[in-house]
Number of protein chains: 2
Amino acid sequence: MIKRIEVFKENSFSDKSFKKLIVHDSSDFKILNFNFSAGQELPIHSHDIDGQLSIVVLEGSGEFLGKDNSVFPANPGDVLISDIREPHGIKAKTNMRVLVTIAPPI
Amino acid sequence: MIKRIEVFKENSFSDKSFKKLIVHDSSDFKILNFNFSAGQELPIHSHDIDGQLSIVVLEGSGEFLGKDNSVFPANPGDVLISDIREPHGIKAKTNMRVLVTIAPPI
């Protein structure tokens, strides 16, 4: 199995809420693309299961969100790694494209 | 566990060969950043083990390589998904930064 996905072409932006694209979902990992318009966010959340996730900034800038209102800059090429059970989120300052990889998949 | 890695700041380019940065290595997944100078490549290869990998283009342009000399354009935001046992590689046309995620980790 080999496939290519053009994330920049296949997902769009909306003023109403962030737009989610399922890039890949297998027994090994799940990959999602979220596009945020400026000001939109994926609120802090967590799941009480094993595993880790990465959030990669493809384009645009904002903030990674962590527990206790912690904030980390999120710029192109920045990667956040988090346990799935650790609170995490993201907030866009500009239009922003990120890729989330979850392993093992939820 | 939560951590942030600034991939664009922490890895560099070399005229001699591509530069590899281990971004993360856990029992869930392994994440590597490869920086290629124009013309450099990660030759086609495969491993006879279960699992899948993703290659995400963060910056620059080139080609994803597949079996039988197949070639797919690789531009920013493009994602290649491949079984680990399927032949895969990448060749840079410009300076190029990619992120490779392997699950389960090799």
Side-chain angles (χ1 to χ4, degrees), chain A residues 1-11 21 23-33 35 46 50-59 63-68 70-89 97-105, chain B residues 1-11 21 23-33 35 46 50-59 63-68 70-89 97-105:
Chain A
M1 193 288 295
I2 194 163
K3 67 173 181 178
R4 168 175 166 262
I5 302 96
E6 294 176 281
V7 169
F8 284 11
K9 289 188 184 169
E10 292 187 23
N11 198 6
L21 172 73
V23 174
H24 185 66
D25 195 2
S26 73
S27 57
D28 295 309
F29 52 12
K30 186 171 188 174
I31 305 178
L32 304 166
N33 158 233
N35 283 356
S46 61
D50 292 333
Q52 296 186 321
L53 62 93
S54 64
I55 306 177
V56 181
V57 180
L58 299 176
E59 196 176 70
E63 292 172 334
F64 298 118
L65 311 176
K67 68 179 174 185
D68 302 330
S70 60
V71 165
F72 310 85
N75 296 307
D78 289 355
V79 180
L80 189 84
I81 312 278
S82 175
D83 290 342
I84 296 172
R85 62 176 86 251
E86 184 89 5
H88 55 276
R97 301 176 191 264
V98 308
L99 204 67
V100 177
T101 300
I102 303 160
Chain B
M1 192 286 298
I2 194 163
K3 68 173 180 177
R4 168 176 167 261
I5 302 95
E6 295 176 281
V7 169
F8 285 11
K9 289 187 184 168
E10 292 187 24
N11 198 6
L21 172 73
V23 175
H24 185 65
D25 195 2
S26 73
S27 58
D28 295 308
F29 52 11
K30 186 170 186 174
I31 304 178
L32 305 166
N33 158 233
N35 284 355
S46 62
D50 292 333
Q52 296 186 321
L53 62 93
S54 65
I55 306 177
V56 181
V57 180
L58 299 176
E59 196 176 70
E63 292 173 334
F64 298 118
L65 311 176
K67 68 179 174 185
D68 302 329
S70 60
V71 164
F72 310 84
N75 296 307
D78 289 355
V79 179
L80 189 83
I81 312 279
S82 176
D83 290 342
I84 296 172
R85 62 176 86 251
E86 184 89 4
H88 54 276
R97 300 176 191 263
V98 308
L99 204 67
V100 177
T101 301
I102 303 161

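Residue numbers begin at 1 in each chain, while the letters A, B, ... track the order of the sequences.
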Out of curiosity, [X] [atom1] to [Y] [atom2], how far, rounded to the nearest 0.5 Å?
{"X": "A:Met1", "Y": "B:Asp83", "atom1": "CE", "atom2": "CG", "value": "5.0 Å"}
{"X": "A:Ile102", "Y": "B:Thr101", "atom1": "CD1", "atom2": "OG1", "value": "12.0 Å"}
{"X": "B:Arg4", "Y": "A:Asn75", "atom1": "CZ", "atom2": "CG", "value": "7.0 Å"}
{"X": "B:Phe72", "Y": "A:Ile2", "atom1": "CZ", "atom2": "CD1", "value": "5.0 Å"}

Grab the two heavy atoms, one from [X] and one from [Y], that are nearest each other, plus how far apart they are.
{"X": "B:Leu53", "Y": "A:Phe29", "result": "C-CZ, 3.7 Å"}
{"X": "A:Gly77", "Y": "B:Val7", "result": "O-CB, 3.1 Å"}
{"X": "A:Asp28", "Y": "B:Pro104", "result": "OD1-CD, 3.6 Å"}

Heavy atoms of other groups near B:Lys3 NZ, more than 12 under 6.0 Å:
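Atom NZ in B:Lys3 is crowded, with more than 12 foreign heavy atoms closer than 6.0 Å.
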Would you mind checking which part of [X] comes under 4.5 Å of any heavy atom in chain A, side chain (CB onward), backbone (N, CA, C, O), both or neither?
{"X": "B:Pro73", "value": "both"}
{"X": "B:Gln52", "value": "both"}
{"X": "B:Leu99", "value": "side chain"}
{"X": "B:Leu80", "value": "both"}

Pick one of side chain, backbone, both or neither for A:Ile31, based on which atoms fall under 4.5 Å of a heavy atom in chain B.
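A:Ile31 touches chain B through side-chain heavy atoms alone.
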What residue, out of A:Glu59, A:Glu10, A:Glu6, has the most heavy-atom pairs lying under 4.5 Å from chain B?
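That would be A:Glu6.
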For chain B, the option from A:Pro87, A:Pro76, A:Ser27 that forms the most heavy-atom pairs under 4.5 Å
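Between A:Pro87, A:Pro76, A:Ser27, the count favours A:Pro76.
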Worked check of side-chain contact (heavy atoms from CB on, under 4.5 Å) between A:Val56 and B:Leu58
CA-CA 9 Å; A:Val56 181; B:Leu58 299 176; 3.7 Å; yes
